[in-house]
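What you see below is based on every heavy atom in this structure, not just the backbone, and it leaves out hydrogens, waters and symmetry mates.
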Amino acid sequence: MMIELPYPERKDDILRGTRKHHFSRSCSGVWQVAYCIVNDREKIQAAIIYGQAPYPSVSRAFCIRPEDIPKHMWVQRMWGAGISRTQLDHLIACSHKCLAARGMWWIHTLTNPHAYVIDGPMRLRSGGYTGATYHRNDYLYLGWAGRKALSGFLIDNRPVHKRQGKITLTLSNVHDHYPHARSIRPLHQQKKQRWAYIIASTPQERQQRLLLMKYRQQLYEPLRQPRLLAELFPPMSWYPQLQTT
C-alpha cells in the first residue's frame, strides 16, 4: 500500500530506512513530503523523499522564469527493500500524480553512477545509480552535472561529509574543526547525471513547461552496473595524507 507522509510524519522511520538502504547512508533531516510503500505490518519498504533543491542556485539554474521556482521539486532520496521493480515504478507514478495536485511542474534529481559505500573497515564499491529507473519512468536525461569536487574527508578512517550543519569543511579549515585527528584525507566526487520529469496533463502543456527549462534533453546511453566489490582499506600510511599539526 502506498501512503503520503507530509513532513515530519514518521520521520524517524524514513531516516532509518534511508540510512540503511540508500547507497549514500545519509539523508537531509528536513523535506516536504515522502511517498512510501508499507507492508501489512506498517513497515516502510520503499520511500521517495521530495523537498526543495539542496541549494537555491540549483532551482535558479533550472527555471528560466524566477516566478516558476516554487514549482520545481527535488528528489532528495529514493530507496526500496523487498519490493519489485513494478512496485517501485508504481510508487513513482503515484507520487507524480500527488505532486501534480500540489501544483508542481518539474521533478529534478541527480544520480551518481560512480558512487560507493564505506562501511566500517571495508570499502564496498558499487555502480551507484545508473539512471535506469529514471529512464524507464520517462524522466528526461539532461547530461552530466557538476565537476570533480571535494565531497568530504576520511578522518581517522571515518568518512565525514563536507557539510556539517551550518559548517562546510574545506581544505583550509578542516584542521581547525578536527585538531586532534591523526590523519585527514580529502575525498572527491565524480560528475553526476542530471534528470528531470515534466508534470503535465496534455502534450501542449508538457511542451510549454519543457521550454521553460534552461536544460535540454540529451541522448541517454545506458551504463552497465559493475559487480559489487569489497576491499580492505590499505594501511593509512599508504595514502597521501594531509598531516595534522
Side-chain angles (χ1 to χ4, degrees), residues 1-54 73-96 98-99 107-137 139 151-152 154 158-163 187 189-190 192-195 197 222-231 233:
M1 178 178 68
M2 193 205 85
I3 59 174
E4 178 181 292
L5 297 174
Y7 182 87
E9 288 187 31
R10 299 192 64 175
K11 175 182 177 180
D12 292 342
D13 292 340
I14 293 171
L15 286 174
R16 190 180 304 112
T18 304
R19 289 165 181 163
K20 182 177 181 180
H21 299 295
H22 194 271
F23 79 87
S24 70
R25 298 298 197 262
S26 66
C27 182
S28 168
V30 179
W31 54 85
Q32 287 177 259
V33 62
Y35 297 96
C36 306
I37 292 177
V38 297
N39 61 18
D40 295 338
R41 299 186 302 277
E42 295 298 316
K43 179 182 178 181
I44 296 177
Q45 292 187 284
I48 309 176
I49 305 166
Y50 294 98
Q52 295 299 315
M73 186 68 83
W74 185 262
V75 180
Q76 292 187 351
R77 291 291 185 266
M78 179 173 67
W79 59 268
I83 65 169
S84 67
R85 186 173 77 172
T86 300
Q87 288 174 302
L88 179 61
D89 291 349
H90 179 68
L91 178 63
I92 292 172
C94 289
S95 71
H96 291 170
C98 293
L99 291 176
I107 303 170
H108 185 192
T109 193
L110 300 176
T111 58
N112 188 352
H114 308 289
Y116 57 83
V117 177
I118 301 177
D119 278 334
M122 303 288 291
R123 186 200 301 264
L124 177 67
R125 293 187 178 276
S126 75
Y129 284 133
T130 63
T133 299
Y134 292 110
H135 182 61
R136 71 171 183 262
N137 282 281
Y139 276 69
S151 62
L154 196 65
R158 182 173 65 90
V160 176
H161 197 275
K162 69 177 180 180
R163 290 193 295 275
L187 299 174
Q189 66 185 15
Q190 302 291 331
K192 299 180 181 180
Q193 293 177 315
R194 183 187 288 112
W195 297 87
Y197 183 84
L223 296 176
R224 200 176 286 240
Q225 184 151 352
R227 184 185 308 171
L228 297 181
L229 298 174
E231 62 184 33
F233 277 122

Next on the checklist: Rounded to the nearest 0.5 Å, what separates atom OH in Y134 from atom OH in Y139?
Outcome noted: 6.0 Å
Distance-only donor-acceptor hits, side chain of residues 34-51, under 3.5 Å, sequence neighbours excluded:
unit_1, atom_1, unit_2, atom_2, d
Y35, OH, E4, OE1, 3.2
N39, OD1, R41, N, 2.9
N39, OD1, E42, N, 3.2
N39, OD1, K43, N, 2.9
Y50, OH, S95, OG, 2.8

Next on the checklist: Nearest 0.5 Å, please: how far is CH2 in W31 from CZ in R77?
Outcome noted: 11.0 Å
Checklist entry - Would you say the side chain of Y197 lies within less than 4.5 Å of the side chain of V75, judging by non-hydrogen atoms? => result no
Item to check | Under 3.5 Å donor-acceptor, K192 side chain and T109 backbone | outcome: no
Checklist entry - Should the heavy atoms of other residues, nucleotides or ligands under 6.0 Å from NE2 of H96 be counted, would the total exceed 12? => result yes
Checklist entry - Is there a side-chain contact between T133 and I92, using heavy atoms and a 4.5 Å cut-off? => result yes
Checklist entry - Between atom CH2 of W79 and atom SG of C27, what is the distance when rounded to the nearest 0.5 Å? => result 10.0 Å
Checklist outcome for this item: Rounded to the nearest 0.5 angstrom, the CD1-CZ distance for I3 and R10 is 5.5 Å
Next on the checklist: Would you say that Q32 contacts Y7 through its side chain, given a criterion of any heavy-atom pair below 4.5 Å between the two side chains?
Outcome noted: no
Next on the checklist: Just so I know, are the side chains of D13 and R16 near enough to count as touching, which here means a heavy-atom distance under 4.5 Å?
Outcome noted: yes
Next on the checklist: Counting neighbours of CZ on R85 that are heavy atoms of other residues, nucleotides or ligands and sit closer than 6.0 Å, is the number greater than 12?
Outcome noted: no
Checklist outcome for this item: Sequence neighbours excluded, the answer for side chain to side chain contact (heavy atoms under 4.5 Å, CB included) partners of R19 is L15
Checklist entry - At what distance, to the nearest 0.5 angstrom, does CD1 of I14 lie from NZ of K11? => result 10.0 Å
Item to check | Atom pair CZ (R163) and OG (S28), whose distance is rounded to the nearest 0.5 Å | outcome: 9.5 Å
Checklist entry - N137 versus L88: any side-chain heavy-atom pair under 4.5 Å? => result no
